[in-house]
Amino acid sequence: MVTMTTTAWWSDLLNDDLAANVFSFACGDYGFVYDVNTNSLHGLDQAALQVLEALVACGGNGDKAREQLQAAGALEKSVIDEVLEELGALKAAGLLFTKDLWREQFLPAGTAVAEDVVAGLTKEAGTPLVKAMCLHIAHDCNLRCTYCFAGTGPFGGDRSMMSEEVGRQAIDFLMTHSQGRRHVEIDFFGGEPLMNLDVVRALVRYAKEKAREYNKILKLTLTTNGVLLDEEAGRFLNEEGLSVVLSLDGRREVHDRMRPYVDGTGSYNEVLPNLQAFVESRGHRDYYVRGTFTRENLDFAADVLHMHDCGFRELSVEPVVGDPGEDYALREEDLAAMDKAYRQLAEEILARRAAGQPMRFFHFELDLAHGPCLAKRLSGCGAGSEYMAVAPNGDLYPCHQFVGQEAYRLGSVTEGVQRPALSRQFAEAHIYHKQDCPTCWARFLCSGGCHANNAGANGDLLIPARGSCALAKMRLKWALYAKVLEGATER
Amino acid sequence: MAQHIVTLQKGALQATAQTGGCGECQTSCQSACKTSCTVGNQVCQKSE
C-alpha cells in the first residue's frame, strides 16, 4: 500500500532565518509585512498579523503555528487556514518569504561589492573611481551652531577659504577620476559656502566648461544656512540650476537655541524670510529645508510641521551627530520619544496631503518599486571610494564628516589618492561585511549606516553605531507604515 | 480572493541583481541629509 503525502508550502521555510527576510509591524488598525529581499509590502488584517507572527516564531512551521494559535484560543482554525493559504500564495508568487540570494556571494572578506558593478576600485590600477565631491568652499561660518560637527566652521583647523585654484584642481580630479561615469556631482559645502560666493561662481563656470569637455552630466548642489541668501545670491543659484539644502531647525526657539550668530543672538528672524523668498523665487523646485534635531527637541515632529506651516514642502530633519557627553546628544533612552515623533509625522503628513497641502519628508519617501538597484543598496553612500570631500587646502577625505581627521586623510587633489588601501576599506565596508547587518531586515534600505557614525562610535567601519542603527530602523519602520497608510487611503 | 492580506507594493529588487548597477545614481548622502546614507528613497537613474 502506498501512502500519498503532500508537502506543506512552508516546508521550505524551516531552515530559513525568517527574521532576516521578513519584517512585520502593526500600529492601530494597520499592520504590514515587508519582504526584505524583493522590497514587497503587504497590508495585513489582525488575523493575518497573528498568523504571520506565529509562523515566524515557530521557525516557519505552519502546523505548529496553527496549534499554538488554536491552543491560545486566538483564532478559528478556518481563519488560520485561510491566512496560511494566502501567505502560501504570496510565497509562490515570489512576493513573500523570499531568500537572500547574494549573502554567500559577497560574504567572503575582501569582497568589494562595488567592484565592476557600481563604483569602488578599478581592477587595473587600484585607483578609486570618484564620481561625487563635496567641496569645502569655506571653513568659516557666520553662525556658531552649538552642535556643529565642523567645530563651528574650521573642522578643527584654521578658519580658511578654498581658493579658486584648489577648486579647479578638485574639479579636474573629478572629471578624470570619474572615468566612464557620465553623471558627476559637486556639492558646495562648508562652513558656510556663501561666505566665499565669488569662488563658488567661478567654480560653477569652470565645472560646466569641464563637464562639456568631458561629456559629463553635472549635478550641482549647495548647502547653506541662509544668512547670506539675498536676492542676488538666490538669482545666481536659480540661473545656474543648483539644487540647495537649506538649514532651518524648525520652531523659532529651537532654531535660535542651536543656531546663533557669533554674538550669541538667534538667526531665525533673518534666515526664515531669506529661505521663504528664495524657495518662492525658484517655484519650490530642487530644494530641501533640512533641520537637525537634538535631545532638546525630541518632539521634532512639531519642528517639521512648523517648517511646513512656513510654506516649505520638501523637508528633512536629521539626528544630531556629536560627542555623547554633550547635553544635547541623543541617548538610547530617548528612542521612545523619537518613535512617537516619527509616528506623528507619518500620520500628520498624510492628513495634510489629504487636505490638499503638499508635503514630503525625505526619510519617508521610500520608492519600493523603482528605487536603487541591489548593487547600490549594498554599497551605500560610497564615501571614501566614489565620493570624497575636499578641504580648502585640497586634502581629500572619505566624506565631509571625516575632514580634518588625519587618520582618514586619503591624499590631495594634486597628489591624488595616496592611500588606496584605506579607500578600499571603505569600498569593502558593505552590508555583508558589517556586524549585524547581514541578518537585519532593514539592510537594503539603510545600507549599513553612515561610515562616519560607525567610525565615530566604534572606531571601526564594520561595526554599526548602536544608536544610529536603532534610529534608522525606527525611521524606516514608520516610513513603511506611512506607505501602508497611504495605500489604505487610496483604496 | 485574498481576505486578510492586500499587496501594496510588488518589489523587484531581485531582478536588479541580474541587470547590475550602472553606477550613475546620485550619491545618497549628498541628496538632502548629509548625515545618513539611507538609499531606499533614492531614484534609480535608469528608471528616470
Side-chain angles (χ1 to χ4, degrees), chain A residues 35 37-45 47-48 82-83 86 90 95 98 101-102 117-119 132 181-183 185 187 219 221 223 245 288 290 316 318 321 362-363 365-377 380-383 387 399-400 444-447 449-450 472 483-484 487, chain B:
Chain A
D35 185 64
N37 298 303
T38 58
N39 249 348
S40 298
L41 185 66
H42 312 281
L44 305 176
D45 70 7
E82 279 169 14
V83 174
E86 287 182 39
L90 288 175
L95 296 171
T98 56
L101 304 175
W102 312 289
V117 185
V118 69
R181 297 283 185 269
R182 284 208 70 203
H183 290 83
E185 293 167 56
D187 184 33
K219 180 168 176 56
T221 57
T223 302
V245 178
Y288 266 99
R290 176 227 186 270
S316 176
E318 301 297 326
V321 175
F362 177 74
H363 288 288
E365 294 298 313
L366 287 183
D367 185 349
L368 297 175
H370 305 104
C373 63
L374 180 81
K376 173 68 181 174
R377 289 169 190 271
C381 69
Y387 166 59
C399 83
H400 55 289
F444 298 127
L445 299 175
C446 110
S447 293
C450 165
K483 290 268 165 220
V484 174
Chain B
M1 179 72 184
Q3 293 179 306
H4 302 281
I5 306 174
V6 54
T7 295
L8 299 167
Q9 190 67 65
K10 290 181 182 179
L13 184 56
Q14 290 182 320
T16 69
Q18 309 307 319
T19 54
C22 64
E24 296 289 356
C25 50
Q26 195 181 356
T27 305
S28 47
C29 188
Q30 296 269 64
S31 45
C33 51
K34 280 282 186 189
T35 44
S36 64
C37 78
T38 310
V39 296
N41 47 8
Q42 275 204 274
V43 176
C44 171
Q45 203 67 44
K46 281 183 179 172
S47 70
E48 273 200 325

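Each chain gets a letter, A, B and so on, in the order its sequence line appears, and its residues count up from 1. These numbers come from the heavy atoms of this one structure, side chains and all, not from hydrogens, waters or symmetry mates.
Interface remark: A:Leu44 contributes backbone and side-chain atoms alike to the contact with chain B (heavy atom separation under 4.5 Å). Residue A:Ala472 does not touch chain B at all, counting heavy-atom pairs closer than 4.5 Å.
Nearest heavy-atom pair across A:Pro372 and A:Arg377 is O-NE, 2.7 Å. Taking all atoms of both residues into account, the shortest heavy-atom contact from A:Glu185 to B:Cys25 is OE2-O, 4.0 Å.
Contacts with chain B were tallied for A:Asp35, A:Asp45, A:Asn39; A:Asp45 has the most, counting heavy-atom pairs under 4.5 Å.
For A:Lys219 (side chain) and B:Gln26 (main-chain N/O), no donor-acceptor pair under 3.5 Å exists by modelled atom type.
A:Leu366 has its side chain within reach of A:Lys483: a pair of non-hydrogen atoms, C-beta onward, lies under 4.5 Å apart.
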